[in-house]
Amino acid sequence: MKRFLGSVTLFTILGLVPAISFAQKTDDHNFEVSKNLEIFHDIVAELDRFYVDTINPTKIIETGIQAMLKGIDPYTEYFPENDMNDLKMMTTGKYAGIGALIRQYSGRDYIYIEEPYEDMPAARSGLKAGDEILRIDGESMRGKPSSYVSDHLRGDADTKLKVTVRRPGVEDSIDVEIVRSVIKLPAVPYYGMWKGYGYILLESFTEHCSHDVMEAVVELKEQGAKGIILDLRGNGGGLLQEAVDIVGLFVPKGTKLVETRGKIPQAASTYVTQRNPIDENIPLVVLTDDQSASASEIVAGSLQDLDRAVIVGSRTFGKGLVQTTRMLSFNGTLKVTTAKYYIPSGRCIQEIDYSKRNDKGQAQHIPDSLTKVFHTAAGRPVRDGGGIRPDVEIKPDTLPDILYSIAQNLVFFDFLNEWCSKHEQIAPIQQFALTDQDYNDFKDFVCNSDFKFESNSGKALESLIKIAQREGLADKAQDEFNALETKLQYDLKNDLDTFRGDLERVIALQIASRYYYQRGAVMQNLKSDKVVDQAVSLLNDMDRYKSILASPLSDN
């Protein structure tokens, strides 16, 4: 009996060890938090008291906060009261202002209107892309950064402002009176029929975007769409519930889509579709790229896991983290990562482990070799980590360096301004195309400008020569260097001919956006979009479409 009691006592004591150990760890953790908060407080107090110059407490503490959050992950952010509009813009897509994209070019004294949004105050008041903002309400904007100009263009809805601009091709400056309004950027900037199928571009997961997608699907079906192409390329995500509601348009009500799991019980949630679908059977293709993230990956991944859509394009970003907002004192807000999400197959597609960093403090990517295999509803193998891998992979085009260089240069902007000043209107977007004369004018404009382009191969050769000089080998290889330098001599005219196709597409796209706004740019891009072409080809071949989504063949 004593022996038995002794065993029970020993078992009971051992059973208490984990609880005691856990309590000790909790106490140690809480002590470390309190200790370091006190140290931070003391440092700020000492700086405020003894530092040779007067410190700005708001600025210095916000710098400390940002540095602290930078060591966690890119998605945990602090928004002080004066930045709350940025947070609201992220979740709602709304702000109060004139509705225009502005841009600052190096070497120019003023900020330019880059793109007025269709049917919004700037466009309705007559502002155009290329307008140079000289004054706002009489105050000169010369030398002001874009953030300063933006702050002055924004303001409360229904308030007036006067913007003075200089327009290409117009001698005198122009005064434009604008009434600010609530600007709601469209989550679906374009949808329409394309080669017999419905095409929907979804740019963000802001409030009510699922309703916009639903309306687009309904209208496209009424127009006779035989299938739907949902374009999520470049869509960085947004509200999780909107993603769930969009998937719910195509799968049965009550389908479990997402689980979130975090450190605290409150972070655990399960999301199921709550409405009856529009169409459970219409063929569906989802387009993705490496900038499709978060909510985009929930939509693409859930539809893939449920074998409801074929994913076409390139591997997605790989963000499997969920953020919530926490209200702080003095009207600040912390957007903090509280959970990871898991899609129907049970996988989490987070690519980077922010809890593990190398000696340089860089977070580590999860290698493909350490990812695990999960299975779709039909038994198809899919992997966690590293984003959503498409069912039909299309590698993105490698665009020439000169295209990036010209597109970001003032010479490109100035050419567009001059071209548009000479063309009051262009053909309907379905028929619009650049002429040979248009492109020759562009070539002449660039070649007669001060545009300079240094090729990467030329830079690499220059670097190699410097290394050889330091190592005392330059003289021995001088003849070879000279020969290679001659062969790599940059020829601007030749490049403008060689890469004419790529450059023409970019020029036509920018011109289309100036006359037909964003929808025009999307329609122009569809004419040469090889990923959309692949989606159409797939939808035209239902045997192939169904085979991609079918159960894998058994090994038996």
Side-chain angles (χ1 to χ4, degrees), residues 79 81-105 108-170 172-190 201 203-204 206-209 212 238 410 413-414 416-417 420-421 424-425 509-522:
F79 294 86
E81 182 179 14
N82 58 334
D83 287 343
M84 283 302 295
N85 286 335
D86 293 337
L87 180 60
K88 291 178 182 177
M89 173 67 184
M90 291 169 59
T91 57
T92 66
K94 297 178 182 177
Y95 68 94
I98 69 170
L101 179 67
I102 62 174
R103 182 169 178 177
Q104 187 169 17
Y105 283 94
R108 294 288 170 91
D109 292 333
Y110 295 96
I111 303 298
Y112 289 86
I113 298 289
E114 182 82 2
E115 178 186 356
Y117 301 134
E118 188 172 13
D119 292 330
M120 295 187 184
R124 291 197 298 265
S125 300
L127 288 181
K128 296 183 178 181
D131 285 348
E132 193 174 10
I133 302 174
L134 304 179
R135 292 183 295 278
I136 299 177
D137 287 331
E139 180 186 352
S140 174
M141 293 293 114
R142 181 172 184 150
K144 297 294 193 295
S146 58
S147 58
Y148 186 89
V149 176
S150 178
D151 287 342
H152 281 65
L153 292 174
R154 293 189 181 190
D156 295 333
D158 299 321
T159 58
K160 293 182 180 180
L161 74 160
K162 185 171 73 173
V163 180
T164 304
V165 300
R166 179 162 47 224
R167 180 167 297 164
V170 178
D172 297 326
S173 62
I174 302 171
D175 289 330
V176 180
E177 190 172 87
I178 308 173
V179 178
R180 298 182 181 94
S181 68
V182 174
I183 305 301
K184 175 67 169 72
L185 299 180
V188 180
Y190 175 79
L201 173 62
E203 284 204 328
S204 61
T206 49
E207 288 180 351
H208 312 303
C209 71
D212 296 338
L410 264 169
F413 186 67
D414 288 342
L416 292 172
N417 293 338
C420 292
S421 70
E424 185 175 344
Q425 60 183 13
L509 189 116
Q510 290 298 316
I511 291 175
S513 72
R514 292 206 176 194
Y515 291 88
Y516 297 108
Y517 301 96
Q518 189 175 12
R519 62 184 173 86
V522 176

- Query: How far apart are the C-alpha atoms of Val176 and Asp131, what are their side-chain angles, what is the distance that settles it, and do they pass the side chain to side chain contact (heavy atoms under 4.5 Å, CB included) test?
  - Reply: CA-CA 11 Å; Val176 180; Asp131 285 348; over 6 Å; no
- Is any side-chain heavy atom of Tyr95 less than 4.5 Å from a side-chain heavy atom of Ile183? yes
- Query: If you take all heavy atoms of Ala512 and Gly520, which pair is closest and at what distance?
  - Reply: CB-O, 3.8 Å
- Query: Where is the tightest heavy-atom contact between Gly130 and Asn417, given as atom of each residue plus distance?
  - Reply: CA-OD1, 3.3 Å
- Message: Checking Tyr148 against Glu139 for the side chain to side chain contact (heavy atoms under 4.5 Å, CB included) test, could you report, in this order, the C-alpha distance in whole Å, the side-chain angles of both residues, the deciding distance, and whether it holds?
- Response: CA-CA 12 Å; Tyr148 186 89; Glu139 180 186 352; 2.5 Å; yes
- Message: I need the full list of side-chain hydrogen bond (donor to acceptor under 3.5 Å, both in side chains) pairs touching residues 115-128, with sequence neighbours left out, sorted by first then second residue.
- Response: Glu118-Arg519
- Euclidean distance, Leu153 CG relative to Ile113 CD1, rounded to 0.5 Å: 6.5 Å
- Output all residues satisfying side chain to side chain donor-acceptor pair (under 3.5 Å) with Arg154, sequence neighbours left out; order by chain, then residue number. none
- Task: For the residue pair Ile178 and Leu127, establish whether any side-chain heavy-atom pair is separated by less than 4.5 Å.
- Result: yes
- Distance from Lys184 atom NZ to His208 atom NE2, nearest 0.5 Å? 8.0 Å
- Task: Applying ring pair (Phe, Tyr, Trp, His ring centres under 6.0 Å), name anything that partners Phe413, two or more places apart in sequence or on another chain.
- Result: Tyr105, Tyr112
- Query: Taking all non-hydrogen atoms of both residues, which atom of Ala521 and which atom of Ser513 are closest, and how far apart?
  - Reply: CB-CB, 3.8 Å
- Message: Nearest 0.5 Å, please: how far is CG in Leu416 from CD in Glu114?
- Response: 9.0 Å
- Stepwise side chain to side chain contact (heavy atoms under 4.5 Å, CB included) check, His152 with Lys144: CA-CA 11 Å; His152 281 65; Lys144 297 294 193 295; over 6 Å; no
- Rounded to the nearest 0.5 angstrom, the CG-CZ distance for Leu134 and Arg167 is 11.5 Å
- CG (Leu410) and CZ (Arg103) are apart, to the nearest 0.5 Å, by 8.0 Å
Can you give me every donor-acceptor pair (side chain of residues 155-165, partner residue at least two apart or in another chain, under 3.5 Å) with its distance?
from, atom 1, to, atom 2, distance (Å)
Thr159, OG1, Asp156, O, 2.6
Thr159, OG1, Arg180, NH1, 2.8
Thr164, OG1, Asp175, OD1, 2.7

- What heavy-atom pair brings Ala122 and Gly99 nearest, and what distance separates the two atoms? CB-O, 3.8 Å
- What pairs with Asp151 under salt bridge (charged side-chain N to carboxylate O under 4.0 Å, His left out), at least two apart in sequence or on another chain? none
- Task: Return the minimal non-hydrogen interatomic distance between Gly169 and Ser421, and the atom names on each side.
- Result: CA-CB, 4.5 Å
- Item | side chain to side chain donor-acceptor pair (under 3.5 Å) involving Asp212 - partner list, sequence neighbours excluded | none
- Query: Quick check: are there more than 12 heavy atoms from other residues, nucleotides or ligands sitting under 6.0 Å from CZ of Arg142?
  - Reply: no
- Could you grab the distance from atom CD1 of Ile136 to atom CD1 of Ile98, nearest 0.5 Å is fine? 7.5 Å
- What are the two closest non-hydrogen atoms of Leu201 and Pro189, and how far apart are they? O-CD, 3.3 Å
